[in-house]
Amino acid sequence: MIKWAFLAFLSVIVCLVRRGEAKFNPESYLVRANYTGFVLFYESFSGDWESRWIYSKHPRYTGRFYNAQPEHDNEAITIADANKHYAMSARLPNGPLSLGKDSVVIQYEAQFSRGYRCGGTYLKFLSWGPSMDEIQHTLDNSTAYTLMFGPDKCDGPPKVHLILQHRHPKTHRVIEKSLKEPLAAPDNAMGHVYTLLIRPDLKFEILIDGVLARQGDLLYDLYPSLVPTRTIPDPADTKPLDWVDESEIPDPNAEKPADWDEPEFITHPDAKKPTGWLEDALSNLPDLEAVKPSDWDASEDGEWIPPTITNPRCLTAPGCGPWSPPKFRNPNFKGPWIRPLISNPAYKGEWKRREVDNPDFYVDSNPLKGVAPLAAVGFEIMTIDEGYIFDNIFIGVGGDGEEAAEDLRDLAWRPKFGIHKQMADNLAKVQAAQTRRDERMARPKAHLADYVIEYFEEDRLKSYLWLTHNIIEALEDNPTWAYPLVFVPLTAFIGWGIWVVARPQVKPPRRSRPVATIEVKEEKGKQEDEGKQEDEGKKEDEGKKEDEG
């Protein structure tokens, strides 16, 4: 009975532990928090997510998304193949969404887990049309969209796009309107969350990782402006040839300091060529056993050159070829000297084109009538990278929609970001330590600290990196600490050894028996002697009797 009660108790404990370790479920949380009425679209890519998305059938878009499993045990999707086009979309379940009626919040997570060279990681919100199925199945870069939001990178640093497509009321041409000033996007392997808020008055905010990165007005802060201005800069106006718009110039009277010219890298004066260095030997030799391929065509492939192999003599020598002293960075290097700037006496100010009447000016009491409703959210990207991860696409309305987006950032994204940041910090520490080690190896050892650091960097001490790393950093900042670190333990060890060898050898005193024990033993001896005497006397009497008989 006691055994079964104990097993039941353990089962309850295990259930409680598993319940505490259960992963965060965003869908369940949005329902429990009564956010469902303010959530127009949410995708966590859990379960049968592919049934909710439609891949484009365009022959160029052959890329496919796959399930990913980031560190925080939440499902997501990733692109596993580089140099491909990707296109898929999902319909907003409650119908098209029009801007300007209520606050709209758009949010999603993106991570460049294997680097970010060139590719788009933005979302496109497709414009509503009478045949949405056909639009989704033929999705490509020419498909009409209303809004594009998210990071993009090619031929420059990454930036966050905010592009609105607007139909001109006069010409009826659809014109892209984007941010006037580019917004920088994070360029690292950590996961980030991007949020776009559009108010009913068309004021907008862009948040990166929950921090405000840009705010403005869709009517005036996009280019071209959603509402045209009455005047524009005259395209025919030109800057006069004698116009000076440099406010500062290099000081012509400045002189370079005499001690400025220090080389960036220097050699140690005590550097010596290692013993056994083979200066007359080549590090690589032609492979004499190599055979030219039978299909080699010199007219097309050029002259055939045998491959090289490592010189066997160099395998046992410290080095081969011409020796030069190793170089290390000069701590006195100041860089190229640049003349200091002074105010330009000929400066006339910033030149601007004169303003003329805008021929395309019009008065529009409802500028949003040229912006189509959002009907679907989609990916239409091309990338030369792989490993992009997407998760938690969210579209909400109203103040409660903003609160739901904030909760998702705190509960679904932030734990993952903490893990990513810790990994990035550890990698940065390792890279910095390797850089410092390379610089130390390039210069001769000139201090006791160099030998101590080399000892702590041995492979057999790698399991104690958490301790040796701090010691190495301390010695790099204060090399003199190497002396107490070495000589204090060494002195203590030598002193202990001298004490062990030189201490007097004292013999332990002879142990004496207690008096009471001696008396007991003597009494026993007397009794034994008396008993022996009695036995001998009896034997003698018996012997006499036998003789007389």
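- Judged by a 6.0 Å distance limit and a 45° cone about the ring axis, R64 is positioned over the six-membered ring of Y55.
- A donor-acceptor contact under 3.5 angstrom links the side chains of W49 and N67, judged on distance only.
- Counting only heavy atoms from C-beta outward, the side chains of E406 and L411 never approach each other to under 4.5 Å.
- For W260 (side chain) and G335 (main-chain N/O), a donor-acceptor pair under 3.5 Å exists by modelled atom type.
- Between the D140 side chain and the T143 main chain, a donor and an acceptor come within less than 3.5 Å of each other.
- Annotation: the span from S178 atom OG to Q165 atom CD amounts to 11.0 Å, rounded to 0.5 Å.
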Worksheet entry | Pair R329-E264, salt bridge (charged side-chain N to carboxylate O under 4.0 Å, His left out): steps then yes or no | CA-CA 6 Å; R329 187 173 294 276; E264 184 176 1; 2.9 Å; yes

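- Between L147 and I163, the closest side-chain pair of non-hydrogen atoms is not below 4.5 Å.
- The closest side-chain donor-acceptor pair between R339 and N253, if any, does not fall under 3.5 angstrom.
- A salt bridge is defined here as a Lys NZ or Arg NE, NH1 or NH2 lying under 4.0 Å from an Asp or Glu carboxylate O, and E43 with R52 meets this definition.
- Counting heavy atoms from C-beta on, the side chains of L179 and L222 come closer than 4.5 Å.
- Here the CG-CD1 distance, from N330 to I266, works out to 4.0 Å after rounding to the nearest 0.5 Å.
- Between D187 and K153 there is a salt bridge, since a side-chain N of the basic residue sits under 4.0 Å from a carboxylate O of the acidic one.
- Salt-bridge annotation for D245 and K239: present, with a side-chain N of the basic residue lying under 4.0 Å from a carboxylate O of the acidic one.
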Item to complete: Apply the test side-chain contact (heavy atoms from CB on, under 4.5 Å) to residues N188 and F112: give CA-CA distance (whole Å), side-chain angles for both, the deciding distance (0.1 Å), then the verdict.
Response: CA-CA 7 Å; N188 51 54; F112 319 117; 6.0 Å; no

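- A donor atom on one side chain and an acceptor atom on the other are found under 3.5 Å apart for E176 and Y145.
- With rounding to the nearest 0.5 Å, the separation of SG in C314 from CG in L285 is 7.5 Å.
- Considering only heavy atoms from C-beta on, R409 comes within 4.5 Å of T195 through its side chain.
- Proximity of N344 to S247: side-chain heavy atoms (C-beta onward) are nowhere separated by under 4.5 Å.
- A side-chain donor-acceptor contact under 3.5 Å links Q107 to the backbone of A405.
- Exactly one of I208, L408, D209 qualifies for a side-chain contact (heavy atoms from CB on, under 4.5 Å) with V193. That residue is D209.
- Considering only heavy atoms from C-beta on, T310 comes within 4.5 Å of N284 through its side chain.
- With a 4.5 Å cut-off on side-chain heavy atoms, K273 and E279 count as touching.
- The ring of F390 has its center closer than 6.0 angstrom to the ring center of F379.
- Judged by distance alone, with hydrogens and angles left aside, the side-chain atoms of W351 form no donor-acceptor pair with the main-chain N or O of P240 at under 3.5 Å.
- For the atom pair F125 CZ and F41 CZ, the distance stands at 8.5 Å (nearest 0.5 Å).
- Taken to the nearest 0.5 Å, the NE2 atom of H85 stands 11.0 Å off from the OG atom of S56.
- The closest donor-acceptor contact from the side chain of W413 to the backbone of Y108 lies at 3.5 Å or more, if one exists at all.
- Between the side chains of S89 and Q136, at least one donor-acceptor pair of N or O atoms lies under 3.5 Å.
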Practice prompt. Would you sort out whether I198 and L196 count as a side-chain contact (heavy atoms from CB on, under 4.5 Å), showing the intermediate values?
Written response: CA-CA 7 Å; I198 301 178; L196 171 64; 4.0 Å; yes

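- Among pairs with a residue in residues 380-389, those fulfilling side chain to side chain donor-acceptor pair (under 3.5 Å) read Y61-E380, R114-E386, R117-D385, K124-E380, T383-Y388, D385-Y388, at least two apart in sequence or across chains.
- Note that CG of D221 and CG of L162 are 10.0 Å apart. Values are rounded to the nearest 0.5 Å.
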Worksheet entry | Chi angles and distances behind the side-chain contact (heavy atoms from CB on, under 4.5 Å) call for I206, F149 | CA-CA 10 Å; I206 298 177; F149 172 64; 4.0 Å; yes

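- For the pair R214 and E205, the salt-bridge criterion is not met [side-chain N within less than 4.0 Å of a carboxylate O].
- Considering only heavy atoms from C-beta on, Q111 stays 4.5 Å or farther from T78 through its side chain.
- Residues Y42 and N392 bring a donor and an acceptor atom of their side chains to less than 3.5 Å of each other.
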